[in-house]
Student: 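Below you'll find the structure I mean.
Lettering of chains follows the sequences in order, A, B, ..., and the numbering in each one begins at 1.
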Amino acid sequence: MKKNQIKTVKGFNEVLPPESFRWRMVEDKFRDLLEGYGFAELRLAMLESTELFARSIGDETDIVEKEMYTFLDRSERSLTLRPEGTASVVRAFNQYSFGKTSEINKLYYVGPMFRYERPQKGRYRQFHQLGAEVFGEASFYQDAETLVMLAQLFHTLSVEGVILHLNSLGCEACRPAFRDQLKSFLLDRQTSLCSDCQRRIQENPLRALDCKNPACREAVVGAPQINESLCDDCRDHFSGLCGLLDDAGLDYQVNSQLVRGLDYYTRTTFEFLAGDLGAQNAVAAGGRYDRLVEELGGKPTPAFGFAIGFERLMMLAGDKLAPLSSPFAALVPLGEAALRRLFPIHVNLNRDAQVTTLSFQQKSLKSQLKKADKDGVMYALIVGPDELSQEIAICRNMRTKEQTQLPLRNLEEALQELYHEC
RNA sequence: GUGGGUAUAGCUCAGUUGGUUAGAGCGCAGGAUUGUGGCUCCUGAGGCCGAGGGUUCAAAUCCCUUUACCCACCCCA
């Protein structure tokens, strides 16, 4: 690395070949699955008004307090690179009045998110999420459909050992009472909590349940459980969902400590946890957020959504994907005249798929065949001065070493035919 | 923001108590075979030893500073 070499900024990792091919395969599978369930893609802005995230994610959350890329632009507006996708989707849902044109809206997105954190395994400052949101459906059937769909995605990608953790956070009817109950529980044990949790008692007491500090974990043993104070509606919603998951044969663990780092969730919340991802073990997470659309200025609209960490998904799925396909044949010209003759055939054949390779560099037969072998082609089509004068091409089967002659005049059609045969 | 580790060729890594011109494997290029791939053999290109400073006759090696990367805490997808 040269002294003045300019490099990517810290934590902004790029995806290079051949990894980029694998990303495309996984992304395509995600799109196919989601579109099969009636979702449509939204391609949204990556830069938003800071206020959007402060209002949706919650200004007491770690994300908003210390992890956002926030700056003033030349007009002194406070802008933020999006740290997650849901806020933007809800903003768009309201801005473009999706709710008025259709009862149910199912939307998905794929793209980079930005959080200013110390990078480590499975965590980057620019990372990518595959996410989806469903608006206008309050039924627990929707929660179940979405969770089963996610499990299907993992199955399609041969990702194993991912466990669904599930909880309900209640709604505005039952959560306030629980919060108060939890608050007084925590206040009694205030001195044994970490400083973060002491601060959280007032603004975000639920978060203390999820703290990983050993002292806090011990202190919250015996804390009031949210699922014991759910209202009847929330209880029915949660047990209805669990019943549907049982019917679908989808395993899950109810985890009453599971709290999301974002404030907007109500009722169902979940995480898909993977055993072999190290410390960053949540590969997908989400839940229901029935109040957020209204809080961001829209009509009251129930909603359910999730996001998948693309990098984390790739760590689980990456090496199980099908190998990359090879080009079918190598065109091997010897001399300028042969190259010139083969060029139009080459470009015509590659219109829809990579059928042929062609070197423009006048390399030796030996090195061209070497390259053809490395590329894994089925055939090499050799055309030199001798073949040109006889109007033929030598067609060498790279596996059997068998060589036949093809008329140069119909070479394009002959290759086309061979290609479609295999 | 807090710890720990690492930094030598495109990649993976050796490099002794400081001592001539810094090494291997893989990869890349060429040749052995004037027009036939994989195996083998030979040859070659490719390095400011992360950067800056210091100690020394002499530094990849010792000291200081700094940066980047990795892992963990934290947070989360």
Student: Start at the 5' end of RNA chain B and walk down; is the nucleotide closest to A/Arg399 or to A/Gln129 reached first?
Tutor: A/Arg399
Student: Give one of base, sugar-phosphate or nothing for A/Gly122, where a contact means two heavy atoms less than 4.0 Å apart.
Tutor: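 Here A/Gly122 touches the bases of the nucleic acid.
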Student: Examine the base of B/G30 for any acceptor or donor lying under 3.5 Å from a partner atom in the side chain of A/Lys363, and report the outcome as yes or no.
Tutor: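 Not at all, since no donor on one side and acceptor on the other fall under 3.5 Å apart.
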Student: Could you write out RNA chain B as dot-bracket? Rules: Watson-Crick or G-U wobble, both distances under 3.5 Å, brackets [ ] for crossings, | for pairs with another strand, dot for unpaired.
Tutor: (((((((..((((.....[...)))).(((((.......))))).....(((((..]....))))))))))))....
Student: Mind running salt bridge (charged side-chain N to carboxylate O under 4.0 Å, His left out) on A/Lys106 and A/Glu145 for me, showing each step along the way?
Tutor: CA-CA 12 Å; A/Lys106 303 170 99 172; A/Glu145 182 191 67; 3.1 Å; yes
Student: Hey, does A/Ala372 reach any base, or is it just sugar-phosphate, or nothing, if we go heavy atoms under 4.0 Å?
Tutor: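 A/Ala372: no heavy atom of the nucleic acid under 4.0 Å.
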Student: So, do A/Phe127 and B/A77 meet the stacking rule of ring centres under 5.5 Å and planes under 30°?
Tutor: yes
Student: Whole angstrom is fine here: how far is it from NZ in A/Lys121 over to P in B/G5?
Tutor: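 Result: 20 Å.
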Student: The side chain of A/Lys10 lies closest to which of these nucleotides: B/A68, B/A77, B/G38?
Tutor: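 The answer is B/A68.
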Student: Should the pair A/Phe93 and A/Phe135 be assigned to parallel (<30°), tilted (30 to 60°) or perpendicular (>60°) ring geometry?
Tutor: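 A/Phe93 and A/Phe135: parallel rings.
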Student: Within less than 4.0 Å of OP1 or OP2 of B/G37, is there a side-chain N or O belonging to A/Lys374?
Tutor: no
Student: Any donor-acceptor pair under 3.5 Å between the side chain of A/Arg123 and the base of B/C71?
Tutor: no
Student: Base, sugar-phosphate alone, or nothing: which one does A/Gly335 contact when heavy atoms must sit under 4.0 Å apart?
Tutor: nothing
Student: Would you kindly compare A/Phe12 and A/Ser367 by the position of their nearest RNA chain B nucleotide and give the one closer to the 5′ end?
Tutor: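 So the residue in question is A/Ser367.
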Student: Which side-chain hydrogen bond (donor to acceptor under 3.5 Å, both in side chains) pairs, counting each pair once, include a residue from residues 385-396 of chain A, with sequence neighbours left out?
Tutor: A/Arg341-A/Glu391, A/Arg396-A/Gln403
Student: Assess whether one donor atom and one acceptor atom, taken from the side chain of A/Gln120 and the base of B/C74, lie less than 3.5 Å apart.
Tutor: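 Counting by modelled atom types and ignoring angles, a donor-acceptor contact under 3.5 Å is found here.
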Student: Can you tabulate the close N/O pairs, meaning under 3.5 Å, that link protein atoms to atoms of nucleotides 32-36 of chain B?
Tutor:
from: B/G35; atom 1: O6; to: A/Asp386; atom 2: N; distance (Å): 3.4
from: B/G35; atom 1: O6; to: A/Asp386; atom 2: OD2; distance (Å): 3.0
from: B/G35; atom 1: N1; to: A/Glu387; atom 2: OE1; distance (Å): 2.9
from: B/G35; atom 1: N1; to: A/Glu387; atom 2: OE2; distance (Å): 3.1
from: B/G35; atom 1: N2; to: A/Glu387; atom 2: OE2; distance (Å): 2.9
from: B/U36; atom 1: O2; to: A/Arg396; atom 2: NE; distance (Å): 3.4
from: B/U36; atom 1: O2; to: A/Arg396; atom 2: NH1; distance (Å): 3.0
from: B/U36; atom 1: O2; to: A/Gln403; atom 2: OE1; distance (Å): 3.0
from: B/U36; atom 1: N3; to: A/Gln403; atom 2: OE1; distance (Å): 2.9

